[in-house]
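Written out below as structure tokens is the structure these notes cover.
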Amino acid sequence: MSESAAGRVNTSLRVEVFPTRELAEKAVADEISALLRAKPTAVLGLATGNTPVGVYRELIRRCAAREVSFARATFFNLDEFCGLGPADPTTFRAWMRTNFVDLVDVDVRRVHIPDGAGDASARARCALDYERAIGDAGGIDLQLLGIGRNGHIGFNEPGSARDSRTRIVELHPWTREDQASGFGGLAHVPTHAITMGVATILDARRLVVMAFGEKKRELVERTLATKDDPAWPASFVHGHRAARLVVSADAAPR
Ligand code: GLP
């Protein structure tokens, strides 16, 4: 555990450093398992990307071993690309199915992923419906988050406001670059996405921000040194009442 050292903002964010990524992932899986035991109908906010993969793998294992069940749980994903068809394998929807949803006992009718297909007015409607659906489900109990290279959370790119809600955003050039390999080249990466807003994320009752590996160290340091700055959207997590930053030793601030 690290506490506020020089270069860190005053925060209630709990920073937890684990010796290895695997131990950090187990700790996050433990929190989710405990939540589901206490509240089988829990609403989980889920993320894509390399960061949460190990947590999903551990939860899949526990589900197969009947140590945890998602049968009554509800999922809301953070974001989705715009302009891809429903059968496109590069959607986050497809990614979630392959990496988690199809491998646990969740009822797919309670799996929500924003819909980035359709024209501008369909997407705007979808954004509003998404906010409403989260509200109807009783709000998100626990939201998983990774940090993008430019400090984004979900697809809340630099410039995103504290009070932003689910909406269509233009992707930052670095974000598109980071997605290029999955799309067979930068030219094929969508230019826009639909994402929960910063306020949508902060409404979750708990946040678990994860960062693993040497490449994330600088992002972790910047997140700890910045507060409520739209130029670094991850900095908004300091304002949350129950947020954990879970990092492996190689991503820990120096
Ligand atoms: C994507 C997702 C984010 C994720 C980020 C980091 O852009 N929209 O939710 O946190 O990338 O990805 P990774 O975990 O692969 O580093």
Side-chain angles (χ1 to χ4, degrees), residues 21-22 24-25 28-29 44-59 75-84 88 90-96 98-101 112-116 127 130 140 142-160 164 166-183 186 188-202 204 207-223 232-237 240 243-248 250-252:
R21 174 176 182 156
E22 289 69 29
E25 290 165 346
V28 175
L44 301 178
L46 301 178
T48 51
N50 175 50
T51 303
V53 163
V55 173
Y56 295 151
R57 201 178 304 126
E58 176 63 13
L59 289 171
F75 297 170
F76 284 94
N77 258 74
L78 282 167
D79 47 18
E80 178 61 283
F81 295 106
C82 284
L84 304 176
D88 195 310
T90 55
T91 58
F92 281 162
R93 175 175 296 274
W95 190 95
M96 281 306 293
T98 309
N99 289 282
F100 192 47
V101 169
H112 304 271
I113 299 183
D115 187 358
Y130 207 64
I140 292 171
L142 183 151
Q143 177 67 55
L144 290 182
L145 291 171
I147 309 175
R149 187 154 54 111
N150 56 11
H152 74 208
I153 47 175
F155 274 138
N156 290 284
E157 302 285 33
S160 295
S164 54
T166 303
R167 68 202 187 288
I168 306 299
V169 293
E170 182 170 4
L171 295 174
H172 186 277
W174 291 0
T175 304
R176 294 190 62 242
E177 260 173 36
D178 290 346
Q179 297 288 341
S181 63
F183 283 88
L186 185 59
H188 306 293
V189 181
T191 55
H192 290 74
I194 180 167
T195 183
M196 280 186 200
V198 175
T200 322
I201 291 170
L202 295 180
L207 298 182
V208 180
V209 189
M210 297 176 287
F212 307 132
E214 181 71 36
K215 276 194 347 208
K216 297 279 177 174
R217 182 194 300 272
E218 217 185 303
L219 312 187
V220 168
E221 289 177 344
R222 181 137 179 216
T223 301
W232 193 260
S235 70
F236 287 116
V237 301
H240 194 276
R244 290 169 88 184
L245 174 59
V246 175
V247 302
S248 50
D250 53 1

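Because the structure is a prediction, the values reported are computed rather than measured. We count ligands from 1, going down the list as the structure has it; atoms in each ligand are counted the same way. Keep in mind that the numbers below use all heavy atoms, side chains included, and drop hydrogens, waters and symmetry copies.
Residues Arg167 and Ser160 bring a donor and an acceptor atom of their side chains to less than 3.5 Å of each other.
The distance from ligand 1 to the heavy atoms of Gly49 drops below 4.0 Å at these ligand atoms: 14 (O), 15 (O). Within ligand 1, the atoms closer than 4.0 Å to a non-hydrogen atom of Ile147 are 6 (C), 10 (O), numbered from 1 in the order shown. Short contacts between ligand 1 and Gln179, defined as distances under 4.0 Å to a heavy atom of the residue, involve ligand atoms 1 (C), 7 (O).
By heavy-atom distance, the residue among Thr48, Thr51, Asn77, Leu144 lying nearest atom 4 (C) of ligand 1 is Thr48. Looking at Gly146, Gly213, Pro52, it is Gly146 that brings a heavy atom closest to atom 10 (O) of ligand 1.
For Phe212, the ring pair (Phe, Tyr, Trp, His ring centres under 6.0 Å) test picks out no residue, with sequence neighbours left out. Remark: Ala94 pairs with Thr91 by the side chain to side chain contact (heavy atoms under 4.5 Å, CB included) rule, at least two apart or across chains.
Relative ring orientation between Phe155 and Phe81 is described as tilted, the plane-to-plane angle lying within the 30° to 60° band.
Closest to atom 16 (O) of ligand 1, if we only count protein heavy atoms, is Lys216 NZ, 2.7 Å. The protein heavy atom nearest to atom 8 (N) of ligand 1 is Asp79 OD2, 2.7 Å.
Using a 4.0 Å cut-off between heavy atoms, Asn50 contacts ligand 1 through both its backbone and its side chain.
Inclusion of Gly154 in the set of residues having an N or O under 3.5 Å from an N or O of ligand 1 is warranted. Of the N or O atoms in His152, one or more lie within a sub-3.5 Å distance of an N or O in ligand 1.
When the shell of 6.0 Å around CD of Glu218 is examined, it contains 12 or fewer heavy atoms from other residues, nucleotides or ligands.
Contact between Glu80 and Pro114 at its shortest, heavy atoms only, is CB-O, 3.2 Å.
The pair Glu177-Arg149 meets the salt-bridge criterion, with a side-chain N (NZ, NE, NH1 or NH2) lying under 4.0 Å from an Asp/Glu carboxylate O.
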